[in-house]
Amino acid sequence: MAKQYAHSNSFIEGLDYDMEEGFMVMTRWAHLKRGKCCGNNCRYCPYTTR
């Protein structure tokens, strides 16, 4: 399903992010689509190890 949105600049709830306690939490997919780590120690970052 996500492949069709790979080049989209829009964020889609449930695909690119989830709402948790009023905060937008980016998904692993959103980070992969971005293509690099932003350095903010994101919960689902595929570019860092925890």
Side-chain angles (χ1 to χ4, degrees):
M1 175 188 157
K3 274 187 169 182
Q4 64 186 343
Y5 300 106
H7 300 291
S8 171
N9 291 330
S10 301
F11 289 124
I12 301 167
E13 187 171 1
L15 182 61
D16 293 301
Y17 70 94
D18 293 312
M19 295 303 294
E20 294 182 13
E21 298 180 17
F23 293 97
M24 184 168 48
V25 178
M26 304 308 287
T27 63
R28 185 173 179 86
W29 163 255
H31 290 289
L32 290 170
K33 188 166 84 170
R34 185 172 192 263
K36 63 181 179 179
C37 179
C38 64
N40 288 322
N41 198 28
C42 299
R43 180 183 301 173
Y44 300 114
C45 183
Y47 301 106
T48 61
T49 57
R50 291 182 173 250

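Residues: numbered from 1 along the sequence shown.
Note that NZ of Lys33 and OG1 of Thr27 are 8.5 Å apart. Values are rounded to the nearest 0.5 Å.
When the side-chain hydrogen bond (donor to acceptor under 3.5 Å, both in side chains) test is applied to Glu20, the partners found at least two apart in sequence or on another chain are Arg43.
Scanning all heavy atoms of the two residues, the minimum distance from Cys38 to Cys42 falls at SG-SG, 3.7 Å. Summarising the geometry of His31 relative to Pro46, their closest heavy-atom pair is CB-CD, 3.3 Å, with the distance given to 0.1 Å. When all heavy atoms of Met26 and Tyr44 are compared, the pair lying nearest together is O-CD1, 3.3 Å. Of all the heavy atoms in Met19 and Met24, the pair that sits closest is SD-CA, 3.8 Å.
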